[in-house]
Amino acid sequence: MILHVDMDAFFAAVEQLDNPQLRGKPVIVGGHSNRGVVTTASYEARKFGVRSAMPMFQARKLCPHGIIVPGRRRRYQQVSHRVMTVLNSVSPLVQPTSIDEAYVDIGGLERLWGSPEQIGRKIKKTVFETVHLTCSVGIAPVKFLAKIASDLEKPDGLTIICPHQALDFAAGLAITRIPGVGRRTAAQLDQFGIKTLGDVRAFSVRALTAKLGKFGRRLHQLAHLQDASQVTPHREAKSISSENTLARDTRDAVVIKRQLLHHAEDVARQLRKAGLRARTIHLKLKLADFKLVTRSKTPAAATWSSRAIYTTACELLSQYRLTQPVRLVGVGTSGLQPAGKPMQADLFESSGQDSRDWEQVDRTVDAIAAKFGRQFIGRASLKK
Ligand code: TTP
Ligand code: MG
């Protein structure tokens, strides 16, 4: 099952949290001037019809006693981060989709946390205890239904669509509720008598693609609940790399390896910060004549350890016969996966304990660098 979390009136709720005088009052977050627009409004202000993206002058007319406050994005980001940390403590598969929304794959978590309903309640409770704000949760067998469900009982809602109810539930949805169906598409579909997602089922994929192009196929899939999209954590980070152009071209393996160590450390640090491990390690060299050489290897275990990345990069370097000086050195990683995911390969790695020790060193270095700055700590071989 997929769970979707959406914070309630997020920016406005944070303002009410930080300033008790605003609690229970109609709060409108947005540009104060008449030319500004409403970013969001508290539920007290929504009662008067104030909505996101509405021009401020209109909001003032609808809700003259509304309290207008400018936004504080950094503060919202900070709260968002804490909410996402709560979600990450429940499942390794969390996909944040905006500052206040995320999908959580709760498949297989029942033994750990209980039924989907119990997981939903636990998330709501922990989010509230952590940031003192309410959220709404939707749980369904597919992503798009989970998102729609989270909106149904806002604020402070919990809506569960069981697998056996899902087809019927989807059939009853107004077509305008489907992500990707704007006013134009809705009008187009209306011409064919399609008003609900259920109405879509009367049409073949071919008929729908003829009318709507690629989106027709997608709509057909959604109507039949064949939404195969997965919860993909850290979608934006497909690869993490580090590289630089040398001060002087060189064929000296010692100099090149020192660069590799520096880049391996940088990449490993970024991976750990993002909570990811990499499956594949890439070596990148640009030669004096600007020819690009790339080599890669996928070791048995995914890693976020600088040593493992460095060792693999050196191995790739040793397999390449340098015929001319190098002007750029880089290390990259791909095949990124959440660090929490158990790895079979870990069990078979002969140097398991050793690499765990190195990870411990890496983490200690991170902690010291976070506290005192990176210039104070690094590996001895990189110090002059
Ligand atoms: P939403 O989740 O769309 O709205 P919301 O959290 O305020 O209210 P709801 O209870 O309906 O979920 O957006 C989250 C935050 O993102 C919102 O508080 C303000 C901000 N935002 C923008 O900056 N621009 C926009 O266009 C929208 C819609 C929201
Ligand atoms: Mg929200």
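As the structure lists them, so they are numbered: ligands from 1, and atoms in each ligand from 1. The model shown is predicted, which means the values in this text are computed figures rather than measured ones.
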Which of the atoms in ligand 1, numbered in the order shown and given with their element, are less than 4.0 Å from a heavy-atom of Phe10? 5 (P), 6 (O), 7 (O), 18 (O)

Out of all atoms in ligand 1, which are within 4.0 Å of some heavy atom of Arg46? Include the element for each. 5 (P), 7 (O), 8 (O), 9 (P), 10 (O), 11 (O)

Other ILVMFWY residues reachable from Phe290 by side-chain steps of under 4.5 Å: none

Under 6.0 Å from the ring centre and within 45 degrees of the ring axis: does the NZ or CZ of Arg60 meet both conditions for the six-membered ring of Phe57? no

Take atom 26 (O) of ligand 1 and look for protein heavy atoms under 4.0 Å from it; say yes if you find one, no if not. no

Side-chain donor-acceptor contact under 3.5 Å, Ser150 with Ser136: no

Side-chain donor/acceptor pairs under 3.5 Å, residues 191-200, sequence neighbours excluded:
unit_1 : atom_1 : unit_2 : atom_2 : d
Lys195 : NZ     : Asp190 : OD1    : 2.6
Thr196 : OG1    : Ala171 : O      : 3.2
Thr196 : OG1    : Gly198 : N      : 3.3
Thr196 : OG1    : Asp199 : N      : 3.1
Thr196 : OG1    : Asp199 : OD1    : 3.4
Thr196 : OG1    : Asp199 : OD2    : 3.4
Asp199 : OD2    : Lys195 : N      : 2.8
Asp199 : OD2    : Thr196 : N      : 3.0

Taking distance alone, with N or O pairs closer than 3.5 Å, would you say Asp100 contacts ligand 1? yes

Residues Arg72, Glu15: salt bridge by 4.0 Å N-O rule: yes

Hey, can you pull the donor-acceptor pairs under 3.5 Å for the side chains in residues 102-111, sequence neighbours left out?
unit_1 : atom_1 : unit_2 : atom_2 : d
Asp105 : OD1    : Gly107 : N      : 2.9

Region of Tyr76 that comes within reach of ligand 1 [heavy atoms, distance under 4.0 Å]: neither

Do ligand 1 and Arg73 have nitrogen or oxygen atoms that lie under 3.5 Å from each other? yes

Salt bridge Arg269-Glu265, side-chain N to carboxylate O under 4.0 Å: no

Tell me, which protein N/O/S atoms are under 2.8 Å away from the Mg ion (ligand 2)? Asp6 OD1, Met7 O, Asp100 OD2

